[in-house]
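Structure first, then comments.
Positions are given from 1 along the sequence.
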Amino acid sequence: MTDAVGDEPPSSKGLGRAASRGAAVTLGAQVLRIGIQFLGIVLLARLLTPEAYGLVAMVTAIIGIGEVFRDFGLSMAAVQSKTLSKHERDNLFWTNTAIGLVLTTIVYFCAPLVASFYGEPSLLPITQVLSLTFLLNGLSTQYRANLSRGLSFFKLNLSEILGQAVGLGAGVAVALAGYGFWALVAQQVAQALFAFIFLIIMSPWLPGWIHRDAPITRFVGFGLNLAGTQLLTYVSKNINSVIIGSTLGATPLGLYNRAFQLLTLPLNQINAPATRVALPVLSRLQDEKERFAAFILRGQVILLHLVSFIFAFSSALAVPLIALVLGNQWLGAAPIFQILAVGGVFQAASYACYWVFLAKGLTRQNLYYSLVSRVTMIGLIVVGAIWGLYGVSWAYSIGIVLFWPVGLWWISRVSDAPAKAMFTNGARAIAVYGAAGLATFFIVSLIPDLVPIADVGIGLVIMLLVLAVIYACWPAYRRDASGLVHTASLLRKRRRSSDTP
């Protein structure tokens with residue numbers, strides 16, 4: 001028998017308190033993280049050209065698929081498992097490290113193939129240097145999983161925030177030195193290296209050697225299904241960049257890449273920490289139907305209303321926002337972002353389905369769903385590429401819109417999750433913020449052109465007024481808004497109490 005882990009996660013008795021404390025810490029951390037990433041977007045977009053972004057995006061679109069294999073779903077498997085021995089954790093660490101080392105070696109020696117595929121010789125050294133991130137992230141994987149499993153959200157968030165800050169500093173320094181696309185490469189490598197070092201310092205755990213008496217078959221089974229799902233998701237999200245880069249070149253890909261990053265910034269920076277808090281809690285409530293339903297519905301409402309507001313506002317005012325934030329050289333990304341934002345709202349609505357699949361251990365059912373939805377998405381994007389940048393953008397958004405209700409139907413078949421209530425929550429948020437965004441767009445379009453910051457300020461006032469009208473007229477939206485205010489109040493109280501000695 002293997003040794004028991006001495007720092008098992010909190011029992012369900014104190015789960016609500018732990019979840020609230022973790023959510024408060026994570027929410028505060030996300031404000032800092034989004035601020036750093038947003039600052040990076042602004043600074044580097046003004047220091048670099050669309051071509052520089054396009055060149056790095058060509059590489060990451062292909063080699064980024066290795067990140068799916070590097071993790072192999074083992075981090076989620078470690079977090080989701082009800083029990084985890086010390087020996088099992090050691091074996092998981094060495095498995096992820098070995099995968100990372102193999103991927104670094106493969107990508108390094110395949111760099112000439114990447115350069116040859118695009119016909120860009122400069123991609124060879126970019127690919128070789130970026131290959132180091134697989135080893136660094138492989139070493140970090142179980143450290144992150146260990147902190148997440150123990151609900152040590154402060155340490156986990158601190159490592160990511162400082163890693164982002166160090167990476168941004170390195171990127172800006174290289175850009176100011178005039179090295180172009182190398183700034184984006186330096187940013188990624190520096191961030192991964194610092195995060196790994198910091199996680200070792202902050203973690204109370206040091207891995208032992210491989211233990212033959214602690215098989216990790218059950219984790220591999222979970223991870224294999226999850227990795228298959230993540231692989232399909234990655235390909236469906238990145239085949240657009242490969243097609244654009246190989247057919248239209250670096251500059252159009254740079255514009256698409258910036259629009260896509262503006263889309264994924266709020267999605268990743270809100271969903272990732274939300275999943276980090278939700279998964280360990282939901283995993284411990286998976287056999288308690290009513291508590292599970294209450295928790296996932298509350299989490300869905302919080303995430304969806306926040307993301308929907310951001311996308312509705314930024315889409316309605318995409319042109320002045322991009323001019324203000326990135327500069328006029330990036331205005332070509334505005335219509336692309338507006339198209340992608342439609343799918344972004346529905347993607348946020350789908351995250352609750354993902355929580356159900358993971359928390360209840362339904363990775364095989366999630367894989368079946370992804371085989372249908374993601375393969376269809378890939379087909380739509382290939383067809384959409386006939387119409388260029390806009391065709392690819394519309395194909396991506398349409399695919400996400402179509403498969404949101406399909407995902408809800410599927411989880412209603414394979415689990416006891418509250419799929420009908422999840423649909424109602426999502427449809428209400430989409431209707432509210434979709435209407436507010438459209439109204440804001442049309443009203444602002446009637447106003448004579450002003451400086452970008454004035455357009456943004458006026459647009460914000462208009463959108464808040466439209467939402468106030470909807471709030472007054474729709475009782476269901478009032479309940480959602482009141483719930484959000486109540487949750488925010490609880491989080492503030494939890495943060496104050498956790499700060500009190």
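Between L408 and K420 the shortest side-chain heavy-atom distance does not fall below 4.5 Å. Annotation: side chain of V356 is not in contact with side chain of W410 (no heavy-atom distance under 4.5 Å). Looking at heavy atoms from C-beta onward, R428 lies in side-chain contact with D480 at the 4.5 angstrom threshold. Within the 4.5 Å cutoff, the side chain of I322 has heavy atoms near those of the L262 side chain. The shortest side-chain heavy-atom distance between Y396 and L263 falls under the 4.5 Å cut-off. In this structure, the side chains of S308 and V432 stay at 4.5 Å or more apart for every pair of heavy atoms. Side-chain atoms of H305 and L484, non-hydrogen and from C-beta on, do get closer than 4.5 Å to each other. You'll find the side chain of K360 reaches within 4.5 Å of the side chain of F292, heavy atoms only.
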* To do: Could you give me the CA-CA distance, side-chain angles and deciding distance for Y369 and I411, then say whether side-chain contact (heavy atoms from CB on, under 4.5 Å) is met?
  => CA-CA 9 Å; Y369 164 70; I411 66 167; over 6 Å; no
* To do: Before giving the answer on side-chain contact (heavy atoms from CB on, under 4.5 Å), spell out for L362 and S415 the whole-Å C-alpha distance, their side-chain angles and the decisive distance to 0.1 Å.
  => CA-CA 8 Å; L362 301 173; S415 76; 3.8 Å; yes
* To do: Given side-chain contact (heavy atoms from CB on, under 4.5 Å), test I62 with M58 step by step and report yes or no.
  => CA-CA 7 Å; I62 292 181; M58 286 178 177; over 6 Å; no
* **Candidate pair Y256 and N240, rule side-chain hydrogen bond (donor to acceptor under 3.5 Å, both in side chains), full reasoning** => CA-CA 9 Å; Y256 183 88; N240 40 20; 2.7 Å; yes
* Yes or no on side-chain contact (heavy atoms from CB on, under 4.5 Å) for T60 and Q188, after CA distance, side-chain angles and deciding distance? -> CA-CA 11 Å; T60 55; Q188 294 188 43; 3.9 Å; yes
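Atoms CG and OG, on L340 and S393 in that order, are 4.5 Å from each other to the nearest 0.5 Å. With values rounded to the nearest 0.5 angstrom, I458 atom CD1 is found 5.0 Å from I447 atom CD1. Here the straight-line distance linking atom CG of L389 with atom CD1 of I244 works out to 5.0 Å at 0.5 Å rounding. How far CG of L402 is from OG of S373: 11.0 Å, rounded to the nearest 0.5 Å. Between L467 atom CG and I462 atom CD1 the span is 12.0 Å, to the nearest 0.5 Å. In this structure, Q347 CD and I400 CD1 are separated by 4.5 Å, a value rounded to the nearest 0.5 Å.
Using a distance-only test at 3.5 Å, with no hydrogens or angles considered, a donor-acceptor pair links the side chain of Q329 to the main chain of A45. Judged by distance alone, with hydrogens and angles left aside, the side-chain atoms of T264 form a donor-acceptor pair with the main-chain N or O of Q261 at under 3.5 Å. Between the N257 side chain and the L253 main chain, no donor and acceptor come within less than 3.5 Å of each other. In this structure, the side chain of Q365 does not engage the main chain of V414 through any donor-acceptor pair within 3.5 Å. Judged by distance alone, with hydrogens and angles left aside, the side-chain atoms of S246 form a donor-acceptor pair with the main-chain N or O of I243 at under 3.5 Å. No side-chain donor-acceptor contact under 3.5 Å links S159 to the backbone of L199. With hydrogens and angles disregarded, no donor-acceptor distance shorter than 3.5 Å links the side chain of R258 to the backbone of A333.
For the residue pair F313 and G459, the shortest heavy atom distance occurs at CE1-C, 4.0 Å. Across all non-hydrogen atoms, the minimal contact from D455 to L317 is O-CD2, 3.8 Å. Smallest separation of non-hydrogen atoms from M463 and A312: CE-CB, 3.3 Å. Residues M422 and Q300 approach most closely at O-NE2, 3.0 Å, considering heavy atoms. Closest non-hydrogen pair, P452 versus A323, comes out as CG-CB, 4.2 Å. Taking each heavy atom of V242 and A61 in turn, the nearest pair found is CG2-CB, 3.8 Å.
Ring-centre distance between F423 and W409: not below the 6.0 Å cut-off. Taking the six-membered ring for Trp, W330 and Y53 have ring centres closer than 6.0 Å.
The environment of OH in Y477 is crowded: more than 12 heavy-atom neighbours from other residues, nucleotides or ligands sit within 6.0 Å. For I453, the CD1 atom counts as loosely surrounded, since its 6.0 Å shell holds 12 or fewer non-hydrogen atoms of other residues, nucleotides or ligands.
Of the candidates L184, V185, L130, L130 is the only one forming a side-chain contact (heavy atoms from CB on, under 4.5 Å) with V59. Screening F311, F309, Y433 against V345 for a side-chain contact (heavy atoms from CB on, under 4.5 Å) leaves a single residue, F311.
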